[in-house]
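Heads up: the structure comes next, in structure tokens.
Chain letters run A, B, ... following the sequence lines, proteins first and then strands; every chain starts at 1. The analysis underlying the following values was restricted to heavy atoms, covering all of them including side chains, and did not include hydrogens, waters or symmetry mates.
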Number of protein chains: 2
Amino acid sequence: MRLRLDRSKPVPHPVAPRRVAVTDIAAGCGVSRSTVSLVLRDSPLVNAQTRARVQAEIGRSGYVYHRGAASLRRRTSNAVALVVNDLSNPFFAEFAGGVDAALAEAGYVLLLGSTGESPERQHAVLASLIEHDPAALILSPAEHSEPARLRRLLGGRMPVLVFNRALDGAGEDWDFLALDNRHGARLATEHLLQQGHRAIAFFGGHRDSSSCTERRAGYRDALEAAGIAPVPAWLVECTPTRLEAARQTGALFARDPAPAAAVCYNDAVALGLASGLAARGRRAGVDFVLTGFDDIPEASVSTPPLTTIAVAPRERGLQAARLLLARLGGDAETPRRTVAPARLVVRASSQLPQHPILLGDAS
Amino acid sequence: MRLRLDRSKPVPHPVAPRRVAVTDIAAGCGVSRSTVSLVLRDSPLVNAQTRARVQAEIGRSGYVYHRGAASLRRRTSNAVALVVNDLSNPFFAEFAGGVDAALAEAGYVLLLGSTGESPERQHAVLASLIEHDPAALILSPAEHSEPARLRRLLGGRMPVLVFNRALDGAGEDWDFLALDNRHGARLATEHLLQQGHRAIAFFGGHRDSSSCTERRAGYRDALEAAGIAPVPAWLVECTPTRLEAARQTGALFARDPAPAAAVCYNDAVALGLASGLAARGRRAGVDFVLTGFDDIPEASVSTPPLTTIAVAPRERGLQAARLLLARLGGDAETPRRTVAPARLVVRASSQLPQHPILLGDAS
DNA sequence: CTGAAAGCGCTTACAG
DNA sequence: CTGAAAGCGCTTACAG
């Protein structure tokens, strides 16, 4: 799917008729265009009766303010661009919903693009969006993004907030809103430790993704704090989809001793693991415990319901938009890096029913 | 949450420095602005060497095409506005994802807004979006929208496609992409009938919403075709959320004889009903069967997995965008009303295990 | 094949 | 308090 950045074709239409413009309003009520403009922008300079006449004419004529023209002249914009991975992913959909809500409330408009995790597509989408001169950009970078290339494309044109995935070296002046991956994974691991488990794997994700690295670090933190040496064979990689996780289930049990619990990279992986276990005659939450990450809607209705780490993506969206709006408002105080809290949500998948069996070499 | 349509404040910034514009490119390589413009738009009129020089200068200078200015002059736009209910709803998130993909492929950009089912918010959001002069609009109307008011606001300015909810009387020139609610509900009902059930309720939704009316009609169609008279007490209304559905479960069993099966308004309602049944000691898919509508992601992982009607929201998004792009391209052939197919997805919730018990007065 | 001029719809000093 | 003039960045006839 190639993006056409072709400028010749957007509308092969017969040219539109001239629209109602300030000129028409001015003529319609015998004032100058300047006066109409002042009325539009609620200037206190205009005489009340003049204002009323102009407003009546505006109502009558079906006039629509042309923001493009105003932005061109004033060199400002009330659009904010948001680029995410994919709206089919509820995490990003919720995030986008939060961004949208905060922007609408502030009178801004949202320009949306998606990358589908492809740096090429990301480049094309951003190139297309910046032509619309957004006042700011919120970017959840595709995996394998090149910070320097993004920097070159976006320049210092506008405030940029990077979400979710670090973009090291892209520039000190870009904001970064991070999820607390490390702490979240630590919470999940500690929760399993507290229930007496010691043979705990880390399942899913790709080592070269920053969020996976961070979550693994949190897992290791918790194990080390408990005096447990991580078992390398218990770090199982897999593409973070349900299907792949189900397929990779066997890898968890390839070596002896096998783990009896797993901190999963995310909820999709955890749900896949649960069905992979079922296929091998084991039951999640009964003879194997696990935790997820994200708290997607399915987590609470799956069987068993999934213990997971909630990151409140909608709240992150609100937060991201507000942070950026504050920058637009001239705020130079707020630190560039914000880490959003992660919260443990305990459900049945991590709790053995009735007679908890302590597995592994519990001390 | 009031929308500010205030025009004075979007950017309280110090004014931006002048950007690199065609004038600079022209000066930078000793040609006129006209020539630069022709190069930008890939005109074949330009001499190959001149073109090369101009392109080199464009690359060097970090020039970014200003679509706002071009659109102003040409009276065109390559933005399309999309207004949905709420991105937190996976149905709309998927739909928006499809719209986005089709638009991006065609070189268009997406302006997104959401109504949260409020006609007031919808009005404000649309008023804000049209100031950005979108080439077309895709609108999934909020419940209780007033067609005439929308018509007044939007005028005949641009092609409009209404999705999902009929907007009668808004204008013959607007496209309408409908889901086949009636046929979908009929399929679900027939599926239950084929398994021998006759005591089938219709559960959830509000009578005054068009999609509920249509789905009820499909339910009635199937019953009547099977020679069964609908029992009025088996039409149970409830707000289509999981929680409300769980609360209303009792209403299904208020009268004797009680139904032993239900066609639910949507998946959320069906899942709520399943937990409401559990709370009363009945098990969905074991001693009560049910179907949903939408095929949300949870449907396949719930317990039991939910038989439902798939409407493929992402495909609807692609379809909506393509339809509108065709209109922009001058297509006058395509009929104004399109009905998207609904497909039955059979899972365990509608199938009694092992020994199907025929309930009600099976003939 | 290239350039000078006008204009899209708005706003902003600057006069009055 | 109001108006005439210039200009944001682009494109489009029209000459040459």
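- Judged purely by atom type and a 3.5 angstrom limit, A/Arg67 has no side-chain atom pairing as donor or acceptor with the backbone of B/Glu131.
- Closest to the A/Arg73 side chain, of the nucleotides C/dC8, D/dG9, C/dC10, is C/dC10.
- As a whole-Å value, the separation of B/Arg75 CZ from D/dT12 P is 11 Å.
- Sorted by residue number, the members of residues 28-36 of chain A with any non-hydrogen atom under 4.0 Å from DNA chain C read A/Arg33, A/Ser34.
- Under the salt bridge (Lys or Arg N to Asp or Glu O under 4.0 Å) criterion, A/Arg337 pairs with no residue, sequence neighbours left out.
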Tabulated below should be each protein N or O lying under 3.5 Å from an N or O of nucleotides 14-16 of chain D; please produce it.
none

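- For A/Asn164, the side chain to side chain contact (heavy atoms under 4.5 Å, CB included) partners two or more places apart in sequence, or in a different chain, are A/Phe91, A/Phe92, A/Ser140, A/Leu179.
- Put simply, CG on B/Leu38 is 14 Å from P on D/dC10, counting in whole angstrom units.
- Within residues 49-59 of chain B, no residue has a heavy atom under 4.0 Å from DNA chain D.
- Distance B/Asp24 CG to D/dC8 P: 10 Å, rounded to the nearest Å.
- One can place CG of B/Asn78 at 12 Å from P of D/dT11, the figure rounded to the nearest angstrom.
- For A/Asn47, the side-chain atoms get nearest to D/dC1 when compared with the rest of C/dT11, C/dG9, D/dC1.
- Checked against side-chain hydrogen bond (donor to acceptor under 3.5 Å, both in side chains), B/Thr115 has no partners two or more places apart in sequence or in another chain.
- With sequence neighbours excluded, the residues forming a side chain to side chain contact (heavy atoms under 4.5 Å, CB included) with B/Leu72 are A/His66, A/Ala69, A/Leu72, listed by chain and number.
- Following rounding to the nearest Å, B/Asp133 (CG) and C/dC8 (C1') show an atom-to-atom distance of 11 Å.
- The nucleotide whose nearest atom lies closest to any side-chain atom of B/Arg74 is, among C/dC10, D/dG9, D/dT12, D/dT12.
- Ion pairing between B/Glu105 and B/Arg322 holds under the 4.0 Å rule for side-chain N and carboxylate O.
- The existence of a salt bridge linking B/Glu143 and B/Arg165 is confirmed by a sub-4.0 Å separation between a basic side-chain nitrogen and an acidic carboxylate oxygen.
- For the side chain to side chain contact (heavy atoms under 4.5 Å, CB included) test, residues two or more places apart in sequence or in another chain that qualify with A/Ala93 are B/Ala93.
- Counting only distance, with no hydrogens or angles, the side chain of B/Arg19 and the backbone of A/Arg75 share no donor-acceptor pair below 3.5 Å.
- With sequence neighbours excluded, the residues satisfying side chain to side chain contact (heavy atoms under 4.5 Å, CB included) with B/Leu45 are B/Ser43.
- Computed from coordinates, the A/Arg157 CZ to D/dG9 P distance equals 13 Å when rounded to whole Å.
- By the side-chain hydrogen bond (donor to acceptor under 3.5 Å, both in side chains) test, B/Asp86 pairs with B/Ser88, sequence neighbours left out.
- In this structure, of D/dT11, C/dT11, D/dG9, it is D/dT11 that holds the atom nearest to the side chain of B/Arg41.
- If you measure from atom CG of B/Leu45 to atom C1' of D/dT11, you get 13 Å, rounded to the nearest angstrom.
- Take the nearest nucleotide of DNA chain C for B/Pro44 and for B/Ala69: the residue whose nucleotide is more 5' is B/Pro44.
- In DNA chain C, runs of at least 3 consecutive Watson-Crick or G-U pairs, each pair with both distances below 3.5 Å, span C:1-3 with D:14-16, C:5-12 with D:5-12, C:14-16 with D:1-3.
- Scanning all heavy atoms of the two residues, the minimum distance from B/Leu139 to B/Gln122 falls at CD1-OE1, 3.7 Å.
- A donor-acceptor contact closer than 3.5 angstrom links the side chains of A/Ser32 and A/Thr35.
- The side chain of A/Tyr65 has C/dC10 as its nearest neighbour among D/dT11, C/dC10, C/dT12.
- Of the candidates D/dC10, C/dT2, C/dC10, the closest approach to any side-chain atom of B/Ala21 belongs to D/dC10.
- Judged as a side-chain hydrogen bond (donor to acceptor under 3.5 Å, both in side chains), and not counting sequence neighbours, B/Arg73 has no contacts.
- The OH atom of A/Tyr63 sits 13 Å away from the C1' atom of C/dC8 (whole-angstrom rounding).
- One finds the CG atom of A/Leu161 at 7.5 Å from the OG1 atom of A/Thr338 (value rounded to the nearest 0.5 Å).
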